[in-house]
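Following: one structure in structure tokens, then a few remarks.
Please read all numbers here as calculations on a predicted model, not as lab measurements.
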Amino acid sequence: MNCLTLIESKRDGQSLSPDDIRSFVTAYVRSEVPDYQVAALLMAIFFRGLNAEETRVLTAAMRDSGDVLKFPADPRPLVDKHSTGGIGDKVSLPLAPLLACLGFRVPMISGRGLGITGGTLDKLESIPGFTTQLTREQLIQQVQGIGVAMGGQTPTMVPADRLLYALRDVTGTVPSIPLITASILSKKLAEDISALLLDVKFGCAAFMQTREQARELAANMTRIANEFGVKTHALLTEMNAPLGRAAGNWLEVKESVECLENRGPNDLRELVIVCAARLLVLTGKSGDMALARAQAGDVLASGAPRRKWDELLAAQGADLDAFTNKLQQDHTAPFAMEVQCKRSGFVTRCDARIIGEIIRDLGGGRIDKCSVIDSDVGVDQIMGVGAEVRVGHVLCRIHARTQQQASESMARVQAAFEIADDPVRCEGERIACGDIRRPH
Ligand code: URA
């Protein structure tokens, strides 16, 4: 494999042969290609793209660069969901136990947050004692036993993505649709799943800022995953305002538990139900979306997913008494300060990017891969878009480690909210209560 020839071919807009792509991935994982050549190839791909065949071959080569899970035959379909990430996006937490209660097996392998977007692993690690480091054998055994496991990639799964993603991160080559597609799908395909639900976000706090970009990414991922025999459906959902009413690792766990107790914000519950319903339809467990939604809603209301959540926590080492005590505390960060509304009217904007940046700067997110996360900080009681407010109403609450950080954040957070005399109109419709986020 001559990497220089690959770089020159891609630079000149030619396609790479399947053999070249496979040899390149193998050689890179074996440290036989220097990073500077891989960086050049990634940049050439960033500008020239990959066609469908190249993307498919790259995805397979990355998946096959390490262990691929193999589950025993079982009538319960293996499924997962992936979100491209956003602020307050905690859907995986209530969804995984709900899916297990709906008769699925869920080997949910998630990532950490980087920059302003949160990661499921960071949220889970705010639970006392909970471990996200499962071996392949533990993960398979737990999924077979209780139907669900939530952990990180094992060290031997998809090493090619670990290496390539780290290099993309520092070479400005992350926002490439074929590279994102291969990165996400190589990891999902290594889980041995038969159905996948993708939640592709668009908006000011999303990876893909416009709906059109999100649609292109969703179409690409859906086509390739289906070609691999994984029944895949993508939702396009908006990420201009935070999802739910809380953002920050522990605060999101708390809100997820509310959702599992059939309480909490409507937009979160709605998205959880739609994700579950889509997977019921995709796997043929339900004939249509209306029936599937009703089934998912009934199971959520039954309390079984809340009990499954405790089972999941216990299986992964959590201290359930400490967890229950922590849930009962109003706040776990030393300072919780209310931000009050300065004028009356309707909330027409709550900028998720600003909220995400504040949480990151409070210590709740990563500036780089070595950053240590403060899981107690964040923002909750976030007033949703469409809500009617009066002077003095609480717009949100800041959870901070120090008083100074809380005060600085309070000044910044005002800029996230826009209050107008009239409520916003959304695609010709008045938002009645502001907390129904319709999947598109
Ligand atoms: N998440 C991933 O896992 N990979 C990407 O390339 C982008 C987001």
Side-chain angles (χ1 to χ4, degrees), residues 83-95 113-120 122-123 126 199-209 214 235-259 263-272 275 331 333 336-339 341 346-362 364-365 375-387 389 393-400 409-410 412-419 424 426 431 433-439:
S83 157
T84 56
I87 311 303
D89 182 2
K90 57 202 72 78
V91 168
S92 292
L93 273 59
L95 180 64
L114 189 66
I116 61 166
T117 58
T120 300
D122 298 322
K123 294 173 213 214
S126 71
D199 179 9
V200 182
K201 305 280 187 202
F202 65 91
C204 73
F207 223 29
M208 298 283 143
Q209 301 265 306
L235 304 175
L236 296 182
T237 63
E238 185 210 299
M239 183 36 72
N240 287 310
L243 182 66
R245 296 284 166 270
N249 294 300
W250 170 249
L251 296 172
E252 292 188 44
V253 170
K254 239 176 140 175
E255 193 167 75
S256 301
V257 172
E258 287 174 19
C259 181
R263 308 182 278 123
N266 288 345
D267 58 350
L268 172 61
R269 186 191 140 82
E270 168 77 2
L271 195 45
V272 169
C275 288
H331 56 278
M337 290 191 185
E338 290 179 347
V339 177
C341 192
F346 293 87
V347 178
T348 53
R349 185 175 71 101
C350 171
D351 190 311
R353 175 159 285 276
I354 297 179
I355 304 272
E357 286 167 355
I358 290 171
I359 296 171
R360 178 198 59 201
D361 297 343
L362 283 167
S375 60
D376 295 326
V377 301
V379 182
D380 71 351
Q381 298 181 10
I382 301 170
M383 196 59 96
V385 172
V389 287
H393 276 177
V394 175
L395 275 182
C396 68
R397 209 161 59 134
I398 308 275
H399 297 244
S409 305
M410 282 176 74
R412 283 171 73 190
V413 86
Q414 290 282 0
F417 288 93
E418 212 168 72
I419 315 288
V424 276
C426 178
I431 297 176
C433 64
D435 61 0
I436 303 289
R437 180 182 304 247
R438 288 190 190 81

Q.
With a 4.0 Å cut-off on N to O distance, would you call Arg245 and Glu255 a salt bridge?
A. no
Q) Going from OG1 on Thr237 to CG on Asp199, what distance comes out if it is rounded to the nearest 0.5 angstrom? A) 3.5 Å
Q. What distance do Arg353 atom CZ and Ile116 atom CD1 have between them, rounded to the nearest 0.5 Å?
A. 4.0 Å
Q: Please report the shortest heavy-atom distance between Ile355 and Ala416, naming the atom on each side.
A: CD1-CB, 4.1 Å
(Q) Is the shortest side-chain heavy-atom distance between Ile359 and Val379 below 4.5 Å? (A) yes
Q.
Go through it in stages, so that I can follow the logic: the residues are Ser83 and Val91, the test is side-chain contact (heavy atoms from CB on, under 4.5 Å), and I'd like the CA-CA distance, side-chain angles, deciding distance and then a yes or no.
A. CA-CA 9 Å; Ser83 157; Val91 168; over 6 Å; no
Q. So which heavy atom on Ala241 is nearest to which on Ala352, and how close?
A. C-CB, 3.6 Å
Q | Derivation of the side-chain contact (heavy atoms from CB on, under 4.5 Å) call for Arg412 and Asp361 | A | CA-CA 11 Å; Arg412 283 171 73 190; Asp361 297 343; 3.0 Å; yes
**Q.** Partners passing side-chain hydrogen bond (donor to acceptor under 3.5 Å, both in side chains) against Arg349 (at least two apart in sequence or in another chain)
**A.** Asp351, Glu418
**Q.** Exercise: identify the closest heavy-atom pair between Pro94 and Val272
**A.** CG-CG2, 3.8 Å
Q. Can any side-chain N or O of Lys123 pair as donor or acceptor with the backbone N or O of Gly248 at less than 3.5 Å?
A. no
Q: I would like to know whether Val389 and Ile419 meet side-chain contact (heavy atoms from CB on, under 4.5 Å); could you show each step before the answer?
A: CA-CA 8 Å; Val389 287; Ile419 315 288; 3.9 Å; yes
Q) Taking atom types as modelled, is there a side-chain donor on Thr84 or Lys201 under 3.5 Å from an acceptor on the other? A) no
Q. Roughly how far, to the nearest 0.5 Å, is CD1 of Ile382 from CZ of Phe417?
A. 6.5 Å
Q) Taking all non-hydrogen atoms of both residues, which atom of Asp376 and which atom of Ala333 are closest, and how far apart? A) O-CB, 3.6 Å
Q: Find out whether Thr120 and Leu93 are in side-chain contact, i.e. whether some heavy atom of one side chain is under 4.5 Å from a heavy atom of the other.
A: yes
Q: Quick one: closest heavy-atom pair of Thr117 and Gly85, and the distance?
A: CG2-C, 4.1 Å
Donor-acceptor list for residues 202-209 side chains, cut-off 3.5 Å, not counting sequence neighbours:
residue : atom : partner : partner atom : Å
Gln209  : NE2  : Cys204  : O            : 3.4
Gln209  : NE2  : Ala206  : O            : 3.3

Q: Hey, could you give me the CZ/CE distance between Arg397 and Met410, rounded to the nearest 0.5 Å?
A: 12.0 Å
Q: Evaluate the criterion side-chain contact (heavy atoms from CB on, under 4.5 Å) for residue pair Leu243 and Leu271; output intermediate values, then yes/no.
A: CA-CA 9 Å; Leu243 182 66; Leu271 195 45; 3.9 Å; yes
**Q.** Minimum side-chain heavy-atom gap Val413-Cys396 below 4.5 Å
**A.** yes
Q) Could you state the interatomic distance from CZ (Arg269) to SG (Cys259), rounded to the nearest 0.5 Å? A) 7.0 Å
Q. Among His331, Lys254, His399, Glu252, which one satisfies side chain to side chain contact (heavy atoms under 4.5 Å, CB included) with Asp380?
A. His399
Q: Heavy atoms only: give me the nearest Ala415-Ile354 pair and the separation to one decimal.
A: O-CD1, 3.7 Å
Q: Supply the atom-to-atom distance Asp122 CG to Ser126 OG, rounded to the nearest 0.5 angstrom.
A: 9.0 Å
**Q.** Residues in side chain to side chain contact (heavy atoms under 4.5 Å, CB included) contact with Ser409, at least two apart in sequence or another chain
**A.** Ile358, Leu362, Ile398
Q.
Taking the side chain as everything from C-beta on, heavy atoms only, tell me whether Cys350 gets closer than 4.5 Å to Pro242.
A. yes
